[in-house]
Structures are given as structure tokens and as C-alpha cells.
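Side chains included, hydrogens not; waters and symmetry mates left out as well; all remaining heavy atoms used. Residue numbering restarts at 1 for every chain, and letters A, B, ... go by the order of the sequence lines.
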Amino acid sequence: MNQEDPLPTNFIMEQVRSDLDKGKTATVVTRFPPEPNGYLHLGHAKAICLNFSLASQFNGRCHLRLDDTNPSKEDKQYIDAIKRDVKWLGYDWGDHLYYASDNFDQLYQMALSLIEAGYAYVDDLSAEEIREYRGSLTAPGRESPSRNRTREENILLFERMKNGKFADGEKVLRAKIDMSSGNINLRDPVLFRILRTPHPRTGTLWKIYPTYDFAHGQSDAIEHVTHSLCTLEFEDHRPLYDWLLEKLPVPSRPRQFEFARLNMSHTVLSKRNLMRLVDTGRVTGWDDPRMPTLSGLRRRGVPPEAIRNFISKLSVSKREGVVELAAFEFEIREYLNQHAERRLAVLKPLKVTIENYPPGKSEQVTASNNPKDENAGTRLLTFSREIYIERDDFMEDPPKKFFRLGPGREVRLRFSYYLKCKEIVKDQLGNVTELRCSYDPETKGAPPPDGRKVKGVIHWVSALDAVEAEVRLYNPLFSDEAPGKEGNVEDQIDIESLKVINGCKIEPSLANVTVGNAIQFERNGYFCVDNDSRPERLVFNRTIALRDSWTKAKAD
RNA sequence: AGGGGCGUAGCCAAGCGGUAAGGCAACGGGUUUUGAUCCCGUGAUGCGCAGGUUCGAAUCCUGCCGCCCCUGCCA
């Protein structure tokens, strides 16, 4: 994964370069440390790309570390999903898969050494009391009565915590730092807590678990991580991160650097909100194609390359902002335009009978698979007397700038002939049910001898070999720019975010497309086969529509 | 008694004392058998505000203002 677009420089790269130049470190080791308590989303993608590409640019390495220090929230199912998603994004951690839980024993020993050094103590205070003693943002905290226990007593108590002699929450191990610090993280933070919940990996072996603050920096040190990247809300934790590394017998000295997390318009990117959407059943699951999860984007047909390009163009800074959805959509189209093969598919079919084309006759026309890629080759399409065109490509009473079909109008059928509308057939309700047209046999793949021009080119499918399919059209989950700012996200879902169309007529070659392949339905958008698709019932997802200046112009 | 961050175009963002990169969006124009793609063009006399230092300031100094984060035994 070395061949990415050149990354714009950013403050973290500059830091690394300078550390290398000054000899502060010989190699670069980063890590992506998700907690296995949910599915990865676009926000994680930023962290993944950042950590992996930073390491690869400097010929270092990036670890995947599952930060599994809280068994009450974590679950095994998430671990596999996380690994699968990171791989799908295009990154490889090689042999460097780690778990914070691998370090439980070492962390316990380190805690012991902190106690020995007089920097930690077992506290009897309840959770509520600790909160009370902590003080407030503007008032200093008070020292716990347990703060001055002897080392011996602390060690004994800590051992008993470990051996399950106390109930959950009865005691905690705290660092002894400064209850009057302006930084609340330094007011004797909790290092270990009692939790009888079985752990997905260590089972019932442990009755106590380290907190994030105690586990993270030390795990970084144990893995010899050099640059530990995290998001802005951990800036306040850095003094504690450094304090622990200084006091503990650690094998290396990692440093923490913070960057702004990704926010995107019309999207929610917090585990809490995504979980709500899933739990309330407002989406079909974590992999609903409308979800900004990696599994959702994958099912939607968004190529991992597009995600990587998007992230790499964002650059990295400490400014909290909101990236417009359009910037992401641009990268999806950009990639798909180069790589997706083109096919003809009629979403809302309108039957056309070509009166001057002999009944029973058919012929083949050649169609380019991808004008952007000569190697993609060509394919043959059947042309016949009866075809389907898009309902939206016909208007009985067209406005001035409408270039498509209308009574007496002529257009080109893509890759084949000129077609002229002679007559409209309607049902009793006045709905247009069929068009009777004529074609010009002298226009097959070439301009007519008389040089007349048509402005419109429309797609079509022969009634002879068209295949039926279901197509699911997606729009952003939220029409609101900043969903969830107030109120519940699940109540803000745009009902237009999913439209299912049945009875679409698509060219037969589309029946052979497999999951994971991107296809452009010409003039419509980029599509992929959904997991729900079966040979007898094809289902396609629209990844994203083509840019459309026509409907935009119409709206003005 | 508070602590930690951040302010450059609608959005993202370079810039590191020498006279405001780039991308997205938007808007014009051209090409086109996808109203797509592609190509060309248009935007900050000004960098949160006010002072100061300097020949010269988005960059240095001072003071304001605005926004975000922190009082889980979550991460």
C-alpha cells in the first residue's frame, strides 16, 4: 500500500521528519487502537489511513491493537469485523496484531511498581464519593482519606482486589498525583477497577481491569510505538500519559500527538448515534448501505481507494471542522469514472415499438465497456423492434431545453440508431404506456447522410433479451446538514434515503456481475450488486448518481 | 482556581518575517453518441478584532473576542 496519492504535508509528518532528523527515533512505529465495541466508520478510516500511511511513508510499521480493557462493553464479534474492515480498506498489519489484554499481567506488575514507589494507592471511596472529592472545573479537589495508606497495605489490598476479594466498585487503584491540578485528569486518576465481567479473551482470569489511561500509554511503550496518534479530546490526557511513562519501568518512550477527528455534513460519525440507528431498527444493520460504517460503504459499493483518496486529500490539522459530503462524493465518482465498466439499464421502463423495423428481426451493435479504459474492450448489444427506454427520457409536453424524446422529436439511441417519436399510446387513465417510433437505418453508429443533428442521446434495452432487476436508490441518510445536533438522530432520517424500484430492465450481461464489482449504468450512476441479489432476483444498489446538471438546471 | 485547544474564501487546507498554494463547492465558456467525463476561465487589497515591533507581519509581541474539549471506576 505504498502507491497512494502524494500526501499533503501536515504537522504530524513534520514532527516525524524532525524526530528522525534529530535522531530522536530511528524508526517510526504507529498503531491503530480501536476498542472492539462497535463497527468501524469513516471517522476510524481517517485514523487508519493516517497511522498506516505515516508509517509506510517513513518505512516504519503500523500495529493493529484492539484496546480491550473494558469487558462490560466489548464483544468478540467486533474484533473480526474490525480486522476485516481494516484489510478491506487496504492495510496490512503483518505480524503486528496486538491486544491490550495481552499486557494485563505486565500492567498489573507496573501498577505494583507504582505503589512501591509511593505513586499509587488503593482507595475505599465509592464512585460517587470520588466524584465528589474530585472537585469541579473551577474548584480544586480534596484528598481521599485512603491516600496515605502504607505501601504494604496498598500492596495487600491491590492483591486482594486482583484475587476477587471485593465486590465490583468496592475499591479502585488510583495514581497519587495532585488533587488541586487544573487538569482534572491529574486529580488522582483511577488506574484499575474491579469488574467481575468475563473478558472475551482472558475469560474469568482477571477480576480487575486497567483503565484506558493506564493501559494505553504502557501498551504503546510495550509495543515500542514511537508516535501515538489520537484525537483532540485526549490532549488533556497527555500530561497523565507522560507522567505514567516517566514513573513506570517501560521499555520505550512513545509520545502522543493529537489531531482533529473527522466530521462530515449530512452524516453522524459517533458510535453512540450509529448504535442508536441500528438499535432502533431504523436502518437494517451496521452494514445498511446508507451507513457511514466501512461495512455499509462496502455494501453500498464505495471503493476503498475512494475512501483513502478522500482521507489523504483532507490533510491533518487540529481544527475541528465539518467536511462537506460533496468532497467525499467527488472522490467516489472520480475513482469509479476511471474504473467502472459501463452498461445500459432502464430503471423505469417505457416500451417503444419501432414501426419501421421488421418484426422478428434483430441485430447486434457494439458498445464500449469503458471509454476511460481502452483495455476494458467492447460488448455486443441486441437491437430489435421492441425496446425499453427510460420514462424520464420522454415528455409529452417538453420544456424548451429538454433534449430528449417528445412527440415528433428525434434522439440517438446510444450505440445504435436515431429514433423518432411518431405516436403516443395511452391507457384509459391517460398514462403513457407505449411509444410508436421510427428509426433511421442510415444512422447506425454514424451521423446521418443529410448531416442533421440531434441533441439528445438516450439509453435503451432490447425487449428481446432484457433481464429484470430490483434497484435500490440511495440518498444521504439525513437531508439535514448537521443531524443529531438536537433531538434523536433516528427521528431525523430522510425518508427519501432509500427508494426501491422493481421491474427495471437491464442488459443481460449484468446478470453475470458479482458482488464487489462497480458498474456504471450509463446516464444514471454507479451501481453494484447487493448481498441480497440472487440469480432469480437480481438486486443492485446505487452507489452514487452521476453528476446531473440537467435536473439542477430544471430547478432554476 | 480552573486547565487544554482552535480561529486563513461557502467547505477542507497550505503558509514557519519578503508581499495569500491546492482541492471541493459555485458560476461562466468549449468539446462530447453518457445533459457524464474532459478542457479553459472566475474568487481573499486581505488571514477573528485592536494595538505594537519591523523597510516589510497571516507569520513576532500585547490585549481583547469567538468556538470546541475536560468534573466515567468509558475509550
Side-chain angles (χ1 to χ4, degrees), chain A residues 8-10 14 33-35 37 67 69-70 72-74 123 125-127 130-132 134-141 168-174 180-187 189-195 208-209 211-213 215-216 230-239 258 260 264-265 271 310 313-331 333-334 337-338 342 344 367-368 371-372 401-404 411-416 418 443 445-447 454-459 520-525 545-554:
Chain A
T9 182
N10 62 59
E14 285 181 13
E35 184 187 12
N37 70 343
D67 210 350
T69 57
N70 186 356
S72 67
K73 293 197 170 179
E74 295 148 11
D123 197 352
L125 257 29
S126 68
I130 287 181
R131 189 185 328 124
E132 212 178 293
R134 188 152 34 221
S136 74
L137 292 179
T138 51
D168 282 13
E170 202 178 326
K171 302 212 182 305
V172 290
L173 182 74
R174 291 229 254 169
S180 66
S181 173
N183 182 344
I184 290 174
N185 294 302
L186 263 19
R187 319 244 259 231
V190 171
L191 268 23
F192 267 92
R193 74 287 213 186
I194 301 170
L195 234 48
I208 56 172
Y209 293 93
T211 56
Y212 164 84
D213 285 311
H216 205 94
C230 64
T231 42
L232 254 27
E233 67 268 29
F234 291 101
E235 276 182 314
D236 289 344
H237 291 247
R238 184 162 16 100
E258 310 85 11
M264 197 162 72
S265 71
K271 262 182 203 170
F310 169 63
K313 282 191 190 174
L314 288 179
S315 188
V316 185
S317 74
K318 301 188 79 143
R319 272 172 78 177
E320 297 213 51
V322 181
V323 178
E324 288 173 344
L325 213 214
F328 183 43
E329 294 183 331
F330 171 84
E331 294 300 337
R333 291 194 182 100
E334 176 88 344
N337 178 43
Q338 295 302 322
R342 272 119 245 233
L344 300 188
S368 157
K372 289 285 161 195
K401 289 237 183 136
F402 188 79
F403 303 148
R404 282 109 93 152
V411 297
R412 170 170 290 283
L413 291 172
R414 177 123 242 237
F415 303 125
S416 56
Y418 272 22
T443 56
V454 292
K455 296 202 94 167
V457 178
I458 66 173
H459 58 279
Q520 183 194 106
F521 289 0
E522 293 213 22
R523 302 210 308 132
N524 253 313
L546 251 32
R547 244 214 194 122
D548 180 7
S549 56
W550 163 240
T551 44
K552 201 182 284 177
K554 240 185 347 184

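- Residue contacts for A:R333: at a heavy-atom cut-off of 4.0 Å it reaches no nucleic acid atom on any strand shown.
- Listed nucleotides: B:C12, B:A25, B:G5. Nearest to the side chain of A:V323: B:C12.
- Across the protein-nucleic acid pair, A:L314 atom CG and B:A14 atom C1' stand 14 Å apart, rounded to whole Å.
- With B:G4, B:C73, B:A36 as the choices, the nucleotide that has an atom nearest any side-chain atom of A:A127 turns out to be B:C73.
- Among the atoms of the strands shown, base atoms are found under 4.0 Å from some heavy atom of A:R412.
- Using a 4.0 Å heavy-atom cutoff across all strands shown, A:L125 reaches at least one base atom of the nucleic acid.
- Residue-to-nucleotide proximity on RNA chain B shows that, of A:H237 and A:G135, the 5′-proximal contact is made by A:G135.
- A donor and an acceptor atom never sit less than 3.5 Å apart when one is taken from the side chain of A:D548 and the other from the base of B:G35.
- Here B:C74 presents its P atom at 12 Å from CG of A:N37, a figure rounded to the nearest Å.
- Using the six-membered ring where Trp is involved, A:Y212 and A:H237 have ring planes that are perpendicular, over 60° apart on the 30 and 60° scheme.
- When the side-chain contact (heavy atoms from CB on, under 4.5 Å) test is applied to A:P371, the partners found at least two apart in sequence or on another chain are A:R342, A:S368.
- Taking syn as a glycosidic angle within 90° of 0, B:G29 does not qualify and is anti.
- Rounded to whole Å, atom C1' of B:C38 lies 14 Å from atom CG of A:L546.
- Stacking between A:W550 and the base of B:G35 is present: ring centres sit under 5.5 Å apart and the planes differ by under 30 degrees.
- The phosphate of B:G35 has OP1 or OP2 within less than 4.0 Å of a side-chain N or O from A:R523.
- Between the CZ atom of A:F415 and the C1' atom of B:A36 there is a distance of 12 Å, rounded to whole Å.
- OP1 and OP2 of B:C11 both lie 4.0 Å or more from every side-chain N or O belonging to A:S265.
- Across B:A14, B:U71, B:U34, the shortest atom-to-atom separation from the side chain of A:S136 is found for B:U71.
- Remark: C1' of B:G23 and CD of A:E334 are 11 Å apart, rounded to the nearest angstrom.
- Every stem involving RNA chain B, taken as at least 3 paired positions in a row under the Watson-Crick or G-U wobble test at 3.5 Å, is listed here: B:2-7 with B:65-70, B:10-12 with B:22-24, B:26-30 with B:38-42, B:48-52 with B:60-64.
- The side chain of A:A327 approaches B:C24 more closely than any other nucleotide in the set B:G5, B:A75, B:C24.
- Note on A:R134: every side-chain N or O is 4.0 Å or more away from OP1 and OP2 of B:C70.
- Rounding to whole angstrom units, CZ of residue A:F234 and P of B:G4 are separated by 19 Å.
- Between the side chain of A:E320 and the base of B:G5, no donor-acceptor pair under 3.5 Å is found.
- Looking at the side chain of A:N183, the nearest of the listed nucleotides B:A75, B:G3, B:A25 is B:G3.
- A:F402 comes within 4.0 angstrom of a base, heavy atoms only.
- The base of B:G4 has none of its N or O atoms less than 3.5 Å from a complementary donor or acceptor on the side chain of A:R238.
- Nearest nucleotide to the A:S315 side chain, out of B:U34, B:A13, B:G35: B:A13.
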